[in-house]
Amino acid sequence: MSLDFSQILAPSLNEVSIAEIEGKILNLGCAKDQNLTHYINSEGIVFPNLQVPYQLSHPDLVHLGTRRVVTDLPTSPTAYGRFMDSVKHSIDEQLNQAQTYIQEVTQNIKDMLPSFLNNYIFNADTEEYMQSLRMKIDRYPAKIIDWHPYFSIFAVAHRVDVILLYDLRVEEWFPEVLENSLQKEITCMAWKPLGGNILAVGCRRGICLWELSLEQKKESVPTRLPAWMPTGSADGSVILWDTAFETGTPLTRNRKVTFLSWSPVGEFLFSSSLDGKIEVWETQRWTSKTITSNGYPVETGCWTTDGRALFLGFDGYEGEILVLSISPNFDYEWLPKIDLSPIPECAGIGIEQLAIDPNGERLIACFKDTQLFKDTPLLLVFDAKLPSQVSKKANLLNFPRTMRGPAWNDPDDQGAFLTQSDPKPVSLSFAKQFTRGSLLSPVWEDGQISFIPFLYNKANK
């Protein structure tokens, strides 16, 4: 059964979507919009309006109007602190010089070899993929957001490779950032699901595992870097890392894996490679099964909350969401795909990110930055169902609707909103704890962080 897209009406260019109440998107066109009264009468929540700056340069938390701007902390004022800073600076300089020399030698060798040997020895396609990924996200002030599994706290990866922490309970940034000389060229980030004091940060040379104390303090945030997981090479191998013993076990080698996703209960591990190969591992005996697909690499994906289906967007396979069902006995089948071509603003556009809320009630899709889509950076919203809640071969996604983000904001250029098109969403994350429904936090390309509540009565669902 196909979806009905006839009722979709995109918000106008001068509107911003602030919430969903009982399935209806509320858009505001001005301060006196009647939808604002509706939101207040529905006991809507007023969230802070956050702005992450492009540059971090000053020790304190600075308030610009109603926007909170978080900035760097100063270096340690003690003599010992100054000494350690000088040592770190000297080491960093030597490492950078050595890295530059190695890169020059490597490039000279590459230039002398045929292309097929380049690909075999240096994994040129993997390097090209990683370089394009870093270039894509490093141009934005904030590139990744992820909510804590238990607290109303989220982490934000800044473009200069430091991690910022924000506490929504007190509406304040933590006063310290997470920074380490090994933590360079961040591309992903996630909290430990069953131990929320650990934050894993994927970097160029490995994974930083931060151990945090999340009690809000004015002086400092106690942290330590308990483990560093080196990846060794850029061949796209999958390594299972034991954080207790700090040892790694290779699961695959030279697969050029670009997308990994655990099922919610840890029953399965899904992987996709640059060559379009899809492999799923069951985690009891670590046996795998190759999934027949369209031959394109997976760009993004998210699981239903029961871990029985996976929504997927593919790189090069545009305008569709594919749905893979996996049974407890490790059988799989492709469920009806979601064709987005009837939506003019989404037709022919690649899906960049999919996110599903912890209740499994709402799925959000955002799209790649193309010339066609540049002036209409919409979010696409679906009602989501579990495979057990629908008949066989029925759609798991229904009632599509669109949302529009805020106008462009640049604290350093107050006229930017007149010359820039609306910012596109860079990263999406749902709060893990929100009793009134779902709370989505998109990070926009100008550094704004929004809070979009979906208020619904689950008892009537």
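Nothing here was measured: the structure is a model prediction, and the numbers come from that model.
For the residue pair D339 and G319, the shortest heavy atom distance occurs at OD1-O, 3.6 Å. Taking both residues in full, the closest heavy atoms of L214 and F151 are given as CD1-CD1, 4.0 Å, listed atom of the first, atom of the second, then distance. Minimum interatomic distance between L428 and P425 (heavy atoms only, all atoms of both residues): CD2-CB, 4.2 Å. Contact detail for P423 and W444: the closest heavy-atom pair is O-CE3, 3.3 Å.
Panel note: side chain T283, backbone E267; a donor-acceptor pair is recorded below 3.5 Å. The main-chain N or O of P53 is found under 3.5 Å from a side-chain atom of H158 such that the two form a donor-acceptor pair. Listed for the D146 side chain is a donor-acceptor partner under 3.5 Å among the backbone atoms of W191. Of the possible polar contacts, one joining the N35 side chain to the N27 backbone as a donor-acceptor pair under 3.5 Å is found. In this structure a side-chain-to-backbone donor-acceptor pair under 3.5 Å is missing from E320 to G313.
The aromatic rings of F268 and W303 lie parallel to each other, their planes meeting at an angle below 30°, with 60° marking the opposite boundary. Using cut-offs of 30° and 60° on the angle between ring planes, the pair H148 and Y150 is perpendicular.
Taken from CZ in F367 to CG in L378, the straight-line distance is 8.0 Å, to the nearest 0.5 Å. Once rounded to the nearest 0.5 Å, the distance linking CD1 of I291 with CH2 of W334 reads 7.5 Å. Taking CG of L269 as the reference point, atom CH2 of W262 lies at 5.0 Å (rounded to 0.5 Å). Atom OG in S438 sits 5.0 Å away from atom CG in N359 (nearest 0.5 Å). In this structure, N409 CG and N49 CG are separated by 7.5 Å, a value rounded to the nearest 0.5 Å. Note that CD1 of I145 is 5.0 Å distant from OG of S441, once rounded to the nearest 0.5 Å.
Considering I163, I153, L178, I198 as possible partners of L212, the one that fulfils the side-chain contact (heavy atoms from CB on, under 4.5 Å) test is L178. Checked against Y166 for a ring pair (Phe, Tyr, Trp, His ring centres under 6.0 Å), the options F47, W147, W173 give a single hit: W173. Residue D161 is tested with Q183, K184, K143 for a side-chain hydrogen bond (donor to acceptor under 3.5 Å, both in side chains); the sole match is K143.
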I25 vs T402, side chain to side chain contact (heavy atoms under 4.5 Å, CB included): CA-CA, chis, key distance, verdict: CA-CA 8 Å; I25 303 296; T402 56; over 6 Å; no

Evaluation steps, side chain to side chain donor-acceptor pair (under 3.5 Å), between Y456 and D383: CA-CA 11 Å; Y456 49 82; D383 283 5; over 6 Å; no

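A cation-pi arrangement, defined by a distance under 6.0 Å to the six-membered ring centre and an angle within 45 degrees of its axis, is absent between R362 and F430. Seen from the ring of Y54, R139 does not count as a face-on cation partner, given the 6.0 Å and 45° thresholds.
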